[in-house]
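Let me begin by presenting the structure, written as structure tokens, before commenting on it.
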There are 2 protein chains.
Amino acid sequence: MSDRSTTHPAGALVLGAEPVAGVGEEVRSADPRTGAPLEPAYRAASVEQIDRACELAEEAFASFRSTTAEQRAGFLERIAELLDDRRDLLVERAHLETALPVARLTGEVGRTSGQLRLFAAELRAGTWQGARIDPGRSGATPRADIRQRRVALGPVVVFGASNFPLAFSTAGGDTASALAAGCPVIVKAHPAHLGTAELVARAIADAVADTGMPAGTFSQLVGIGNDIGTRLAADPRIRAVGFTGSRRGGLALAAVAAARPVPIPVYAEMSSINPVLLLPAALAERGAELGAGFAGSLTLGAGQFCTNPGLVLAVEGPGLDAFVDAAAGAVAANAGAVMLTTDIAGHYDAAGTALAARDGVGQVACGARPDGAAAAAARLLTVDGSRFLAEPELQAEVFGATSLLVRCADTAELTAAVGMLEGQLTATVHAADADHPLAAALLPLLEERAGRILFGGWPTGVEVGHAMVHGGPFPATTDARTTSVGTLAIERFLRPVAYQDVPSALLPAEVRDDNPLGVWRRVDGEPGRDALPAD
Amino acid sequence: MSDRSTTHPAGALVLGAEPVAGVGEEVRSADPRTGAPLEPAYRAASVEQIDRACELAEEAFASFRSTTAEQRAGFLERIAELLDDRRDLLVERAHLETALPVARLTGEVGRTSGQLRLFAAELRAGTWQGARIDPGRSGATPRADIRQRRVALGPVVVFGASNFPLAFSTAGGDTASALAAGCPVIVKAHPAHLGTAELVARAIADAVADTGMPAGTFSQLVGIGNDIGTRLAADPRIRAVGFTGSRRGGLALAAVAAARPVPIPVYAEMSSINPVLLLPAALAERGAELGAGFAGSLTLGAGQFCTNPGLVLAVEGPGLDAFVDAAAGAVAANAGAVMLTTDIAGHYDAAGTALAARDGVGQVACGARPDGAAAAAARLLTVDGSRFLAEPELQAEVFGATSLLVRCADTAELTAAVGMLEGQLTATVHAADADHPLAAALLPLLEERAGRILFGGWPTGVEVGHAMVHGGPFPATTDARTTSVGTLAIERFLRPVAYQDVPSALLPAEVRDDNPLGVWRRVDGEPGRDALPAD
């Protein structure tokens, strides 16, 4: 079977884990360097194919969610293995479609397979099941025997992201966590990297076959415009949506989901400018070093990260001048890059130009713009703190390597600026020891506004682990109560069920007295892995 | 201070933990036995008072959420103590306003104070904080040090329920869990029991003063119609809504919340008919006994429970006849009861009459209707399984002591009926040993449709503990991912935040290396309470 899908992309959708041809209008990804359409051509899914994907997912749900955690772990590991096996092919295709560097894409394959393996490990550990047991008591107040575990929500639609063709797309964090939870997944492939999406979808389809999962566990569809997304999010068989992309796109899906006869959760990761706070003592100590580090984070990957530092809040002083000199030098010397698509480059240019043209906004530095259809230049702009406080529009995201430096007159103005920030994925603080009292005062403001708070680093680079939060208050996401990266992400696709006085033989294994799976449980509130004592 | 608020209700709102008079139109609760308006008169909150409550809540949020878990536990316990101290006064007033029996209301005070104490214990245990630590590693793949905990969402609006004037109202589960989480609360008092609401609100206000909480931690407003609710749910300072009531009311609030510039979660517990499944062997074994038990659950508290058994699905046979005889006898002999309000009684009567008038629906038994403005009679209706399968409208909730018995021709029809059920708070199964194979086949269908599955009991009576789920798929609630009863309810008002490379001195105590609070944490994924080993 090893050569099943190890060829170049063929222009296929995946329907119930089988490659099929679309029948709608032609869709092609383009080479962002030249704008030229790429082979192969794809055809959009028809209304019937969308319906069929939902039908297959619904059919698969009952048996897929009833697989054991061990079985689903094996499935995720098989996907990871196939992605690693086909790494060179994936990287080659993704490089063609996205112009992202080969080294970065190679790392991203590892990140994607690593993420699948982390969820496999999480499945085996079993903590995700949230098992709780309140054993019935025969004391003065008779109580029922009540046991709780989490069950899967149902079929999930995932919208692949443009900027991580692997780690946030077809087999990315949303898909991995939904499959781990026991939810069948339908991916709407991002049109910017259809070939990469097909190769990954075929790996998932092969893993479905290899591990005996029901066919409807996975489908991937192709389409252009909002129609396909709206149709999927509105389908009654779909129970949740995962999305990474623009604020406009996320809000549109959230509106569709809220207007359904039966509303469903939408986990949209949308818009964040990721403020960086430069506190006075840190600036005085290492302003130039910070300027260079900042420029590196800003221009990494053409600035196409959800966590790109699009806003710098700093207090006036000699340290800030050193920061600006170093950052300006690095930005001016930056060679620029080809962005993911000509659309993204166009939006980037227009949004940056609009921001630069606002009253009071000045340009500190602009980098070079290389040749290429989707090429773009890095840019550093600046504005006074007083104006930033007066104009919330200055917080609009410019997706790409443009950042706005806000020069605050003093720490009071810096604090006020933090107090008016919208919700963010990240907030970064550079603080020397002498800044700690100020940092301590700012922390609660940041906690209310960001999903992740960093000290002394840069926000780009999201580690995949147990403690990561890649999420945050609106408009960073539509649902701040969770994360789209890290093992906590599985909880997005689960809901609790209580079992009252259910006979032992009918109870799910994770809440049986003898704890055959050895999972962590709260018994009368106290965590542990022991079996319940015999009566 | 003990006599501050131990007098009868005075017609006050509570604004920032201080009694104040409303300034809008007059509002009164009524005696449901007579329909007569009760003293004292209340006046609705003005737009300015609503705004002021939100302002106070926002002001209080920063300091309230920064109180220690121990401090908030003390606050909740003080509320519990004051409620217990004032029990007789509460019961007397609630009995006047609701016509619920004194014994039931006495128990409900205990349930309410017990619930507050349970959340106090949960706060001290600390598991609710969801602490996770991924210590940075110096191995081949350098990783950042990342730590996660949960923080409070912000001010919460709670809409008191009509049917639990204590346990689901001013100091009920929504308020207790939101306060536990560190969220200030604004209650919109239910107009059916304004005096009870005032007495409880004053106890909370006294507890705020006694334990030094910020004044804006708690307010209670009065108003009529949708205006006040819409205004509160739309206010930008409000970050979540808890609601128990009608489907129409819950959906209206959810629509307001979704349409805000910054959407917020709405936890609305709305509509459930709580199916009871009678499997053949159980019917054959104890049909008459089940009929009597069912009628008791149906008519308890005039059927005014969210978990009232409004639907019975049973397979034809002699056991079913015995069930029907016993249930019909008990319903016919039922003396009826005075419902909570004349509005509720009117809706009950209209909805039951409409259901009884549908083609194919027959009446099995009807109880007596006592005197009283809000009096109502219990009613048992029946319909064939084939018609039930064809008409989803037969699932409409009749809030009160009316139930529909669906006579299924065989277990296949019963299974099909279960498969078309809407989301439910509960599903109850009566199964003898011989029914276990059928029960095992039905369980996954029930898990997909209900928040709590009971074997061998009745759904009325919701135990407050760690494992309880009082929630379920739409339309039982607007958010099936949680519960409004039990300690898991606290998670509705929290969101995770990650701390990356934050200096130890600035870290929240629950994620510090030395674990000074002794809370459970996942370190590299593994639960435990140990301090981190020193490097």
Side-chain angles (χ1 to χ4, degrees), chain A residues 62 66 121-122 125 127 132-134 143-144 146-148 151 154 254-255 258 262-263 265 436 439-440 443-444 447-448 450-457 463 465-469 471 473-474 478 480-483 487-488 494-503 505-506 520 522 524-525 527, chain B residues 62 66 121-122 125 127 132-134 143-144 146-148 151 153-154 254-255 258 262-263 265 436 439-440 443-444 447-448 450-457 463 465-469 471 474 478 480-483 487-488 494-503 505-506 520 522 524-525 527:
Chain A
S66 304
E122 180 73 357
T127 317
R132 295 173 170 218
I133 302 179
D134 294 345
R143 285 183 50 180
I146 305 176
R147 302 176 186 226
Q148 183 184 123
V151 300
V262 176
H436 278 196
L443 253 177
E447 286 170 344
E448 288 175 33
R452 178 166 55 112
I453 298 167
L454 304 85
F455 269 63
E463 305 253 16
H466 297 285
M468 176 52 69
V469 176
F474 186 92
T478 48
R481 292 164 295 173
T482 181
T483 172
T487 52
L488 190 71
L494 297 166
R495 42 170 277 265
V497 172
Y499 302 82
Q500 182 167 329
D501 294 329
V502 172
L506 295 172
W520 283 90
R522 292 187 68 183
D524 266 332
Chain B
S66 302
E122 180 73 357
T127 317
R132 296 174 169 218
I133 301 179
D134 294 346
R143 285 184 51 182
I146 305 176
R147 302 174 186 227
Q148 181 184 124
V151 298
L153 285 186
V262 176
H436 278 196
L443 253 178
E447 286 170 344
E448 288 175 32
R452 177 164 58 114
I453 298 166
L454 303 84
F455 268 62
E463 304 253 17
H466 297 287
M468 176 52 69
V469 176
F474 186 93
T478 48
R481 293 164 292 173
T482 181
T483 172
T487 53
L488 190 71
L494 297 166
R495 41 172 277 266
V497 172
Y499 302 82
Q500 181 167 329
D501 294 329
V502 171
L506 295 172
W520 283 89
R522 291 188 69 184
D524 267 331

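Here the structure is a predicted model, which means the values were calculated and not measured. Within every chain, numbering begins at 1; the chains are lettered A, B, ... in the order of the sequence lines, protein sequences first and strands thereafter.
Here B:Ile453 is the residue among B:Leu443, B:Ile133, B:Ile453, B:Val262 with the most heavy-atom pairs under 4.5 Å with chain A. If you tally non-hydrogen atom pairs under 4.5 Å between each of B:Pro444, B:Ala505, B:Ala498 and chain A, the highest count goes to B:Ala498. Residue with the most contacts toward chain B among A:Gly457, A:Ala62, A:Ala450, A:Ala439: A:Ala450 (heavy-atom pairs, distance under 4.5 Å). With chain B as the partner, the residue from A:Val151, A:Thr482, A:Thr478 showing the most heavy-atom pairs under 4.5 Å is A:Thr482. Ranked by heavy-atom pairs under 4.5 Å with chain B, the list A:Gly456, A:Ala480, A:Ala440, A:Ser66 is led by A:Ala480. The choice from A:Arg132, A:His436, A:Arg452 that makes the most heavy-atom pairs within less than 4.5 Å of chain B is A:Arg132. Per-residue heavy-atom pair counts under 4.5 Å with chain B were compared for A:Gly451, A:Ala258, A:Ala121, and the maximum is reached by A:Gly451. Most heavy-atom pairs under 4.5 Å with chain A: of the set B:Glu448, B:Met468, B:Glu122, this distinction falls to B:Glu448.
Between the side chain of A:Asp134 and the backbone N or O of B:Ala467, at least one donor-acceptor pair lies under 3.5 Å. Side chain of A:Gln148 to main chain of B:Val469: no donor-acceptor pair is present (N/O by atom type, distance under 3.5 Å, no hydrogens or angles).
Contacts between A:Thr127 and chain B at a heavy-atom distance below 4.5 Å involve the side chain alone, from C-beta outward. In this structure, the portion of A:Arg147 lying under 4.5 Å from any heavy atom of chain B is its backbone and not its side chain. At a 4.5 Å heavy-atom cutoff, the contact between A:Leu506 and chain B is made by backbone and side-chain atoms alike.
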Would you please test B:Ile146 and A:His466 for side-chain contact (heavy atoms from CB on, under 4.5 Å) and show each step? CA-CA 9 Å; B:Ile146 305 176; A:His466 297 285; over 6 Å; no

Steps toward side-chain contact (heavy atoms from CB on, under 4.5 Å) verdict (B:Tyr499, A:Glu447): CA-CA 9 Å; B:Tyr499 302 82; A:Glu447 286 170 344; 2.6 Å; yes

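B:Thr487 and A:Arg522 form no side-chain donor-acceptor contact under 3.5 Å, judged by distance and modelled atom types alone.
Taking all atoms of both residues into account, the shortest heavy-atom contact from A:Phe455 to B:Val502 is CD1-CG2, 3.5 Å.
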